[in-house]
Amino acid sequence: MKDPINPTITEAWTRLAQLKSELEPDLRGWFDSDRQRVEKFTFDAADLHVDLSKNLLTDDVLKNLLDLADETDVLGRRDQMFAGDHINNTEDRAVLHTALRRPATDKLMVDGQEVVTDVHSVLNRVYDFANKVREGQWKGITGKSITHVVNIGIGGSDLGPVMVYEALKPYVKEGLECRFISNIDPTDVAQKTADLDPETTLFIVASKTFTTLETLTNARLARTWLLDTLRAQGALQGDDTSEAVAKHFVAVSTALDKVAEFGIDPANAFGFWDWVGGRYSVDSAIGTVLAIALGPDNFADFLAGFNAMDVHFQQAEPEKNVPLLMGLLNVWNVNFLGAASHAVLPYAQQLHRFPAYLQQLTMESNGKSVRWDGAQIDYATGEIFWGEPGTNGQHAFYQLIHQGTQLIPADFIAFARSAYPLADGEKNVHELFLSNFFAQTKALAFGKTEEEVRAEGTAEEIVPARVFTGNKPSTSIMAPALTPSVLGQLIALYEHITFVQGAVWGVNSYDQWGVELGKQLALQIYPAVAGDEAALEAQDDSTQELIRYYRENRG
Ligand SMILES: O=P(O)(O)OC[C@H]1O[C@](O)(CO)[C@@H](O)[C@@H]1O
């Protein structure tokens with residue numbers, strides 16, 4: 001693998017810094033003086049229509065960002081990723097989530113293995129199983145069909161599935177409900193099982209490593225709940241619980257040996273591979289809950305959507321390559337305009353978990369401070385992603401985006417058609433909703449001047465408070481409708497944006513060592529919490545004090 005390039009020593013970086021120092025943001029003026037601006041900065045990728053024109057971009061900036069991509073070999077690294085090179089060097093792994101959505105006719109040999117064949121053989125097993133559950137052929141221990149599927153996982157084994165389930169609810173089979181247990185806070189298991197009937201409930205234990213404390217603890221709690229409740233209902237007698245577990249528990253993992261140790265029949269387990277990162281795994285067998293909920297055909301459309309964006313990323317010329325352009329734009333915003341965070345504002349209630357999903361995708365990927373050769377980084381990487389669906393966010397935090405002192409680039413996402421075309425009298429409510437979407441990006445870009453505020457008859461002393469400076473960057477992403485394919489495209493778009501940023505910054509976007517220390521310490525601290533005095537005294541003063549507080553108040 002090639003050494004990473006320090007982006008700050010490239011010529012393009014120097015020119016971009018110069019352009020920044022000369023930049024006088026003026027979206028009003030830029031739009032007025034260049035009638036081609038919208039056309040120039042609007043791009044299509046598969047079914048997504050992306051308007052970058054309301055960003056603080058100029059022709060020169062864009063040209064130099066593309067030069068920066070060239071000098072940092074972003075597209076060379078892209079090709080290495082798609083080919084299965086071990087670009088995740090700290091774990092010596094290929095990064096091949098893109099292989100999960102390749103058509104069955106494709107071939108790709110990686111490390112001596114034909115991976116597309118492997119992918120489709122697991123997919124076919126998942127689809128087979130999903131059909132059995134959907135058609136009522138998969139029976140619980142008392143012969144009843146499944147009505148509730150509970151996915152137990154955390155991080156990438158939860159955030160993707162729950163986000164997609166919420167986003168594609170209109171496609172979920174009637175009479176089937178899915179729930180998602182992730183937190184080791186016992187509240188999560190307790191509340192989500194409280195009203196379930198174990199006879200008709202199926203648990204999917206989803207864990208890439210099958211070692212994650214939260215997931216294994218929750219899986220054991222769910223197993224205990226299942227067996228105890230079946231016993232209490234008289235549906236289970238005797239000590240042999242293997243049949244009940246076999247009929248009510250399946251697993252998804254790369255570690256099938258550990259699945260067997262847990263007591264789940266490997267015949268009821270669906271595998272994937274170490275070249276799929278957790279946060280890139282919703283389109284692997286980790287999506288089994290989705291294949292059940294949505295059905296194999298919709299899941300296949302979802303995968304085809306990812307693939308359409310992959311093909312665009314591989315084949316579109318750089319000047320029209322949407323993931324490349326959006327990744328470079330983020331670099332411009334972070335490294336030159338000083339943005340520390342990035343809002344994601346879907347105007348689609350169905351996407352209410354999308355910002356949370358993106359937080360793991362982007363922040364676990366690019367929250368790094370060394371390059372992939374271990375060199376320390378002295379420039380910003382990895383912005384904070386956050387957001388809520390519009391219009392809810394408008395009544396909460398938009399004030400800060402409009403009039404605060406920080407620059408917060410925002411991605412607005414909306415769909416031309418709603419799954420729920422309701423009317424309020426004469427008014428089409430979706431149109432009212434979309435009017436807010438259009439209004440917000442307009443207000444951010446063009447603001448309201450002092451003169452305009454005065455012209456409204458505003459008292460002079462409150463004019464400053466009512467001025468909107470404008471020049472707040474936003475990107476608008478639209479698509480005809482939130483279908484499985486469009487959602488796949490949207491996820492793949494952000495995966496590749498994340499890739500592009502990581503490649504420019506020279507970081508390995510595919511490891512996550514930063515989550516390890518806390519995990520180790522939690523296991524080390526547990527004895528102190530549970531009552532071991534020596535373990536308590538081994539802690540630092542603040543931690544000892546907090547644990548003592550807990551002990552005094554635990555009741
Ligand atoms: O699927 P697993 O192995 O249980 O891991 C869950 C999550 O934990 C992490 O490893 C780190 O918290 C994530 O990257 C991952 O998605």
Side-chain angles (χ1 to χ4, degrees), residues 46-48 97-98 100-101 119 122-123 126-127 129-130 133-134 148-174 176-182 192 202 204 206-208 252 270 272 276-310 344 346-362 364 385 387-389 413 415 418-419 477 479 481-496 498:
D47 296 317
L48 305 187
H97 43 278
T98 54
L100 296 168
R101 51 261 193 156
V119 163
V122 173
L123 255 185
V126 168
Y127 288 168
F129 174 68
V133 176
R134 288 167 66 80
H148 288 78
V149 181
V150 182
N151 189 80
I152 302 177
I154 197 164
S157 302
D158 168 73
L159 287 164
V162 73
M163 180 276 283
V164 175
Y165 179 73
E166 292 295 311
L168 299 180
K169 272 255 175 81
Y171 293 83
V172 172
K173 185 179 167 64
E174 240 186 272
L176 196 67
E177 188 189 319
C178 300
R179 296 185 185 181
F180 298 85
I181 294 175
S182 55
K192 297 213 176 108
L202 174 76
I204 301 177
S207 174
K208 178 177 169 180
V252 180
F270 305 98
F272 61 113
V276 183
R279 53 196 174 274
Y280 296 86
S281 67
V282 65
D283 47 345
S284 70
I286 288 290
T288 297
V289 61
L290 301 171
I292 296 172
L294 308 170
D297 288 350
N298 285 321
F299 196 77
D301 284 352
F302 177 57
L303 296 184
F306 278 90
N307 183 251
M309 188 56 66
D310 295 344
V344 184
Y347 277 65
Q349 184 58 30
Q350 287 164 244
L351 284 181
H352 71 107
R353 294 296 289 160
F354 193 63
Y357 168 77
L358 276 191
Q359 284 180 333
Q360 188 199 13
L361 175 65
T362 58
E364 208 171 69
F385 274 76
E388 278 288 319
I413 303 169
F415 303 94
S418 168
I477 302 173
L482 183 49
T483 61
S485 167
V486 164
L487 184 59
Q489 294 170 34
L490 197 60
I491 299 172
L493 170 65
Y494 279 96
E495 287 178 348
H496 298 322
T498 304

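Only heavy atoms go into these numbers, but all of them, side chains included; no hydrogens, no water, no symmetry mates.
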Got a sec, which residues hit side chain to side chain donor-acceptor pair (under 3.5 Å) with Tyr494, two or more places apart in sequence or on another chain?
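Tyr494: side chain to side chain donor-acceptor pair (under 3.5 Å) contacts with Asp411.
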Contacts of Tyr347 that satisfy side chain to side chain donor-acceptor pair (under 3.5 Å) - sequence neighbours left out:
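Only Gln394, Tyr398 meet the side chain to side chain donor-acceptor pair (under 3.5 Å) criterion with Tyr347.
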Are more than 12 heavy atoms from other residues, nucleotides or ligands located less than 6.0 Å from atom CZ of Arg179?
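For Arg179, atom CZ is crowded (more than 12 foreign heavy atoms under 6.0 Å).
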Okay, side chain of [X], backbone of [Y]: is any donor-acceptor separation there less than 3.5 Å?
{"X": "Glu166", "Y": "His352", "answer": "no"}
{"X": "Arg134", "Y": "Ala293", "answer": "yes"}
{"X": "Lys208", "Y": "Val276", "answer": "yes"}

May I ask you to say whether Arg101 pairs ionically with Glu495, meaning some side-chain N is under 4.0 Å from a carboxylate O?
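Salt bridge between Arg101 and Glu495, a charged N being under 4.0 Å from a carboxylate O: yes.
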Are [X] and [Y] side-chain neighbours, meaning at least one heavy-atom pair lies under 4.5 Å?
{"X": "Leu202", "Y": "Val150", "value": "no"}
{"X": "Thr483", "Y": "Asp47", "value": "no"}
{"X": "Phe299", "Y": "Leu123", "value": "yes"}
{"X": "Ser182", "Y": "Phe180", "value": "no"}
{"X": "Ile286", "Y": "Pro161", "value": "yes"}
{"X": "Met163", "Y": "Val282", "value": "no"}
{"X": "Pro170", "Y": "Gln350", "value": "yes"}
{"X": "Ser284", "Y": "His97", "value": "no"}

Taking all heavy atoms of [X] and all of [Y], pick out the closest pair and write down the distance.
{"X": "Asp158", "Y": "Gly153", "result": "CB-O, 3.4 Å"}
{"X": "Ala46", "Y": "Gln489", "result": "CB-OE1, 3.2 Å"}
{"X": "Leu176", "Y": "Val172", "result": "O-CG1, 3.7 Å"}
{"X": "Ile491", "Y": "Phe354", "result": "CG1-CE1, 4.4 Å"}

By side chain to side chain contact (heavy atoms under 4.5 Å, CB included) - contacts of Asp301 (at least two apart)
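Checked Asp301 against side chain to side chain contact (heavy atoms under 4.5 Å, CB included); matches are Asn298, Pro484.
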Step by step, work out the side-chain contact (heavy atoms from CB on, under 4.5 Å) result for Leu361 and Leu159.
CA-CA 10 Å; Leu361 175 65; Leu159 287 164; over 6 Å; no
